[in-house]
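Notes follow once the structure below has been shown.
Atom set for the values below is all heavy atoms of this structure, side chains included, hydrogens, waters and symmetry mates excluded.
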Amino acid sequence: MDFEALWLTLRLAVGTTAILLVIALPLAWWIAAGHGAGRAFVQSIVALPLVLPPTVLGFYLLIAMGPLTAPGRLLMRVFGHPLAFSFGGLLVGSILYSLPFAVQPLVAGFQAVDRGFIEAAAGLGANPAKVFATVVLPMARASLLTSAVLTFTHTVGEFGVVLMLGGNIPGATRTLSISLYDLVQDGNYAAANRTALVLIGFATMALLTIYLLPSMRKTDGRQADIVR
Amino acid sequence: MSDRLASSNKPDSLSRRSPEQLLTVSIKHQVGAISLDASFALTKPWTVLFGPSGSGKTTVLRAIAGFVRPDSGSIVRGESVLVDRASGVFVPPHLRPVRTTAQTARLFPNMTVHSNVIYGVGRSARPENAGTTVDEIKIVDEIMSLFRIQQLTDRRPHQLSGGERQRVSVARAVVSAITCQGAGQGDGAALLLLDEPFSGLDYAMRDQLVDGLRECLMRWKTPVLSVTHDVGEAFQLGAEVIRIAEGKIVQQGPVVDVLGEERLRLMSQLRVGPS
């Protein structure tokens, strides 16, 4: 069992989830409230990692972060080293790759909040920021949980982007899924099995959280009849 | 049509607004099959917008609140222009000196009754006049006891009956309107918009509530525009009545003038009924 890889994976997943929630909340709110061609365009871009092979995203990020392009050279000057094949580069890649998993549950949650509640708050003098913080977000908190858990789990399990962008550097870019691949290549099936079981544990716990928590908090179920 | 209406119906009524006009509305708006074409001025502390279902009452209220952008026309509150399509002015709802409650009580499910009632406290359009905390607590207590919801303080919306929700919803708007104006200064006070505020209440409760609410709002110099299709309610409020039908204002004046015949007709129907 590669504990260095486990620790790295956890850091990557926590970092990605924290940064993505900050990005995804306003983005999802804008998509949920917006309309027209601009919204369709942004929604398509956000959903792109769902349908693209991870290697495609990884390849272009590798080029963009490397010394061959102007942005890559700029990043090198800012960070003092190439972002590719580093933890920072992995973080950027994970954020882009997991973007749809953070944004889409939130968009669905925000769209499900009855417009009447938003108008009720505005009719009492609340500005849009207050309406969002005190009415929309608490009413969509189940979606917030789903978004965080899906982002975390998805980052733990990612493989293609990490391999393209980070390679396989112990302590810097070797995550659990890469470690598993390595162990199988080496023919060490017993260690591979332990690593795979840890990944299965993560996924199962995440799904249990999503499905179990809302049913444990009874108030969520009763919110539906408050609307009328 | 009364002379009063004729004078306020002129398109140039905005420029010749008299100082006692609390609100001047002159809007056109197409909503579904109804083409709304409403021009009127509020001058009395409590005005009732009266009309049958589907006559455009709620749309008028929503336009004043800022939830509907009228196709053309303008809405002016005191000295401030809230909407003027010609010059492109549109003040968003939360910046208007207007407080609203919808016909359906939308209590925030994640808050207690008390948190709901104080939600709009002190969100003043004129921050320099925001009342002190002591005043606000006093007002909240007074309104909660007036609406007989003080025993529900810690309940959640899902634990309330329909009538209780309705009372909390109206109380919440009343508290917000009163505290918006600050410590009782008259001019620029928040206009309170109530869409069928007593519709879910039984007559005994309504009787108790109407007089107390009217007295309270007068004392805090908070003007009201409420919507009803109930003749009895309009008379009980003893208010100025604007009658609307199929999107057009048909009459404005004291309740006896506008709805007197309506009341006689209803009373004769009661007398003629099976014995």
ask   = Would you say R115(A) and F67(B) make side-chain contact, with heavy atoms under 4.5 Å?
value =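 Heavy-atom side-chain distance check fails, nothing below 4.5 Å.
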inquiry  = Using side-chain heavy atoms (C-beta onward) and a distance below 4.5 Å, is Y119(B) in contact with V135(A)?
reply    =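 Yes - at least one pair of side-chain heavy atoms lies under 4.5 Å apart.
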Under-4.0 Å salt bridge between E119(A) and R62(B) =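 R62(B) and E119(A): salt-bridged.
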Considering all heavy atoms, the nearest [X]-[Y] contact:
{"X": "A126(A)", "Y": "H94(B)", "result": "O-CB, 3.1 Å"}
{"X": "F117(A)", "Y": "F108(B)", "result": "O-CE2, 3.5 Å"}
{"X": "M139(A)", "Y": "P109(B)", "result": "CE-CG, 3.7 Å"}
{"X": "R172(B)", "Y": "A120(A)", "result": "NH2-CB, 3.8 Å"}

message = Taking OH in Y60(A) as the centre, count heavy atoms belonging to other residues, nucleotides or ligands within less than 6.0 Å. Is the count above 12?
response =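 Count not over threshold, so no.
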message = Does atom CH2 (W30(A)) have a neighbourhood of more than 12 heavy atoms from anything else shown, all under 6.0 Å?
response =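 Counting neighbours around CH2 of W30(A), more than 12 heavy atoms of other residues, nucleotides or ligands fall under 6.0 Å, so yes.
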request  = Measure from the side-chain N and O atoms of N110(B) to the backbone N and O of T134(A), and report whether any donor-acceptor pair falls under 3.5 Å.
outcome  =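 It does hold such a pair.
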inquiry  = Using 0.5 Å steps for rounding, measure from the CG atom of L124(A) to the OG1 atom of T101(B).
reply    =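 The distance works out to 7.5 Å.
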